[in-house]
Amino acid sequence: IVERGFMTQADFDEASMKALSLFEFGQRVAKDHGLILVDTKYEFGRSSDGSILLIDEIHTPDSSRHWLASSYEERFQKGLEPENVDKEFLRLWFKENCNPYEDEILPAAAAELVTEIAWRYIFLYETITGSRTDIIPTQEPIHERISRNTRQALSSLRQL
């Protein structure tokens, strides 16, 4: 990254320090809630003044792998995969059913896969925050709801 000129050494060192600090924090929070934060990715960018910013979600099932600490040791001793609450199962399903990096059209994920990924997100959120997720039924199509919420968020940012 430094050799190719994408970042200066100082910027790389700053991003690395921030990533390692975030990971240490995430592992501590996960451990306090019966989880193991195995690995993750962080995405950094630059603000208009050039400072390094964290620019994407952190420690979600999208960006991280979490294992259940309560069953890890026993499963490890038996040579079994750890119980997890991430989306690795979905990645493996797509890998078995297509080439997600080359196929122009991907198969639709089965409804039970979508339900499972939603359950994992909710489980992880509730486990870490200690709060309950209330699903509010709505007739508004999901695309319209996301678009509306995105417009509102961007509008509030412009007002800052």
Side-chain angles (χ1 to χ4, degrees), residues 1-77 79-95 100-101 106 109 113-136 142-143 145-160:
I1 291 173
V2 173
E3 281 180 23
R4 296 182 78 187
F6 295 119
M7 297 178 91
T8 66
Q9 185 64 52
D11 286 344
F12 181 84
D13 292 344
E14 179 182 350
S16 296
M17 184 270 309
K18 287 180 177 180
L20 292 171
S21 294
L22 285 168
F23 190 65
E24 181 181 323
F25 173 77
Q27 285 188 309
R28 191 170 55 248
V29 170
K31 183 178 181 182
D32 290 347
H33 293 90
L35 301 166
I36 300 169
L37 175 60
V38 181
D39 56 25
T40 194
K41 71 171 179 68
Y42 302 113
E43 296 180 25
F44 292 96
R46 290 189 186 278
S47 69
S48 58
D49 70 2
S51 57
I52 306 292
L53 299 174
L54 182 66
I55 60 169
D56 202 4
E57 91 280 349
I58 63 169
H59 305 150
T60 69
D62 258 2
S63 64
S64 308
R65 290 189 304 154
H66 291 87
W67 295 342
L68 300 182
S70 61
S71 62
Y72 174 76
E73 191 61 41
E74 178 184 347
R75 292 181 69 84
F76 178 79
Q77 294 299 326
L80 300 171
E81 284 291 316
E83 289 183 284
N84 65 72
V85 287
D86 50 53
K87 70 175 195 178
E88 186 64 21
F89 79 99
L90 189 60
R91 285 188 203 101
L92 294 174
W93 183 88
F94 274 103
K95 185 178 173 185
Y101 301 104
L106 301 179
L113 292 175
V114 175
T115 300
E116 179 66 21
I117 197 93
W119 174 87
R120 289 170 185 239
Y121 272 72
I122 291 167
F123 175 85
L124 190 62
Y125 171 82
E126 290 180 349
T127 299
I128 290 176
T129 65
S131 59
R132 181 153 164 68
T133 302
D134 293 319
I135 310 257
I136 302 167
I142 186 89
H143 178 75
R145 183 168 48 99
I146 291 171
S147 296
R148 178 178 46 79
N149 288 333
T150 302
R151 279 192 305 276
Q152 288 175 346
L154 291 173
S155 176
S156 69
L157 288 174
R158 287 187 199 107
Q159 295 173 6
L160 295 178

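Here the structure is a predicted model, which is why all the values come from computation and not from measurement. Below, each value reflects all heavy atoms present in this structure, side chains not excepted, and no hydrogens, waters or symmetry copies.
Using a 4.5 Å heavy-atom threshold, the side chains of L35 and L68 count as touching. A 4.5 Å side-chain heavy-atom check between E57 and D62 finds at least one atom pair inside the cut-off. The side-chain heavy atoms of I146 and H143, taken from C-beta on, include no pair separated by under 4.5 Å. Inter-residue side-chain proximity for F89 and R120 is flagged as met; some heavy-atom pair is nearer than 4.5 Å.
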Q. Should T115 and W119 be marked as a side-chain contact (heavy atoms from CB on, under 4.5 Å) after you check the CA-CA gap, both sets of side-chain angles, and the distance that decides it?
A. CA-CA 6 Å; T115 300; W119 174 87; 5.6 Å; no

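Identified under the ring pair (Phe, Tyr, Trp, His ring centres under 6.0 Å) test for residues 17-64, with sequence neighbours left out: Y42-H59. Applying the salt bridge (charged side-chain N to carboxylate O under 4.0 Å, His left out) test to pairs two or more places apart or on separate chains, those with a residue in residues 39-48 are D11-R46, D39-R65, K41-E43, K41-D56. Within the structure, every pair that satisfies the salt bridge (charged side-chain N to carboxylate O under 4.0 Å, His left out) test and touches residues 25-35, not counting sequence neighbours, is listed here: E24-R28.
In terms of heavy atoms, P100 sits closest to K95 at CD-CA, 4.5 Å. Residues G26 and L37 share a closest heavy-atom pair of C-CD2, 3.6 Å. Contact record, I52 with K18: O-NZ, 2.9 Å, taken as the closest heavy-atom pair. Residues I58 and L22 come closest through the heavy atom pair CD1-CD2, 4.1 Å.
With values rounded to the nearest 0.5 angstrom, T127 atom OG1 is found 11.0 Å from I122 atom CD1. Going from atom NZ of K87 over to atom CZ of F94 covers 9.5 Å, rounded to the nearest 0.5 Å. Note: T133 OG1 to E126 CD = 4.0 Å, rounded to the nearest 0.5 Å. The line from CD1 of I1 to CD of Q9 is 10.5 Å long, rounded to the nearest 0.5 Å.
Proximity of a side-chain donor or acceptor of S155 to a complementary backbone N or O of R151 within less than 3.5 Å is not detected. For the pair S63 (side chain) and T40 (backbone), a donor-acceptor distance under 3.5 Å is absent.
Between the side chains of S51 and D49, at least one donor N or O sits under 3.5 Å from an acceptor N or O.
Shown here are the side-chain hydrogen bond (donor to acceptor under 3.5 Å, both in side chains) partners of Y72, two or more places apart in sequence or in another chain: there are none. Residues satisfying the side-chain contact (heavy atoms from CB on, under 4.5 Å) test with E73, not counting sequence neighbours, are F76, Q77. Here S147 pairs with nothing under the side-chain hydrogen bond (donor to acceptor under 3.5 Å, both in side chains) rule; sequence neighbours left out.
Environment of CG in L80: crowded, with over 12 heavy atoms of neighbouring residues, nucleotides or ligands closer than 6.0 Å.
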